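Quick caveat: nothing in here was measured; it's all calculated off a predicted structure.
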Amino acid sequence: DGTSQTLSLTVLLDREHDHHDTLDDAISFFGVHRTASHASQIAVIGGTGKFEHAKGYAIVETLHNQNNQHITDGQDTILHFSVYLTYYKA
């Protein structure tokens, strides 16, 4: 019905002080973003590098009608992620 979107994504993070051409730090997410709600929670399902043992969640918000942003048609949507992590060393 168009009121939710399944999200499965990996965010690659680059450290400025690291001069290598590889990106070793990443966080993977999975969950359902309910577009009719102000915010949705999705799970952190894995990571690499310094996020290898991280667990947590992210709050995903759809940004509507921001300055200099066109009205979204569902294909081009700006999402804001607030990420909350805990670390457990195995």
Side-chain angles (χ1 to χ4, degrees):
D1 66 358
T3 61
S4 63
Q5 298 172 337
T6 300
L7 296 177
S8 177
L9 64 121
T10 298
V11 177
L12 303 174
L13 302 161
D14 184 23
R15 290 181 261 174
E16 287 185 29
H17 67 277
D18 189 0
H19 298 292
H20 300 289
D21 290 334
T22 60
L23 297 171
D24 295 329
D25 299 329
I27 305 172
S28 296
F29 301 92
F30 184 81
V32 175
H33 173 53
R34 307 224 179 268
T35 55
S37 299
H38 175 68
S40 301
Q41 291 186 4
I42 62 172
V44 172
I45 60 169
T48 61
K50 69 179 180 179
F51 299 106
E52 184 174 5
H53 297 288
K55 302 292 181 196
Y57 67 97
I59 297 175
V60 182
E61 300 173 83
T62 303
L63 300 181
H64 295 286
N65 299 324
Q66 300 295 313
N67 292 337
N68 299 324
Q69 178 190 341
H70 61 83
I71 302 299
T72 183
D73 60 2
Q75 294 180 4
D76 295 319
T77 303
I78 298 175
L79 300 177
H80 179 264
F81 287 75
S82 298
V83 180
Y84 301 89
L85 300 174
T86 55
Y87 178 78
Y88 295 102
K89 188 172 183 177

Q: At their closest point, which heavy atom of A39 faces which heavy atom of I59, and how far apart are they?
A: CB-CG2, 3.6 Å
Q: Measure from the side-chain N and O atoms of S28 to the backbone N and O of I45, and report whether any donor-acceptor pair falls under 3.5 Å.
A: no
Q: Do the side chains of L9 and F81 get nearer than 4.5 Å, heavy atoms only?
A: yes
Q: Show the nearest heavy-atom pair for residues L7 and H33, with the distance to one decimal.
A: CD1-CB, 3.7 Å
Q: Does the pair V11 and V83 meet the rule for a side chain to side chain contact (heavy atoms under 4.5 Å, CB included), with working shown?
A: CA-CA 11 Å; V11 177; V83 180; over 6 Å; no
Q: Treating Ile, Leu, Val, Met, Phe, Trp and Tyr as nodes and any side-chain heavy-atom pair under 4.5 angstrom as an edge, say whether Y57 and F51 lie in one connected cluster.
A: no
Q: For L13, is there any backbone N or O sitting under 3.5 Å from a side-chain donor or acceptor partner on D25?
A: no
Q: What are the two closest heavy atoms between I42 and F30, and how far apart are they?
A: CB-O, 3.7 Å
Q: Checking side chain to side chain contact (heavy atoms under 4.5 Å, CB included) for the pair K55/V44: CA distance, chi angles, key distance, verdict?
A: CA-CA 6 Å; K55 302 292 181 196; V44 172; 5.9 Å; no
Q: Are the side chain of S40 and the backbone N or O of V60 linked by a donor-acceptor pair below 3.5 Å?
A: no
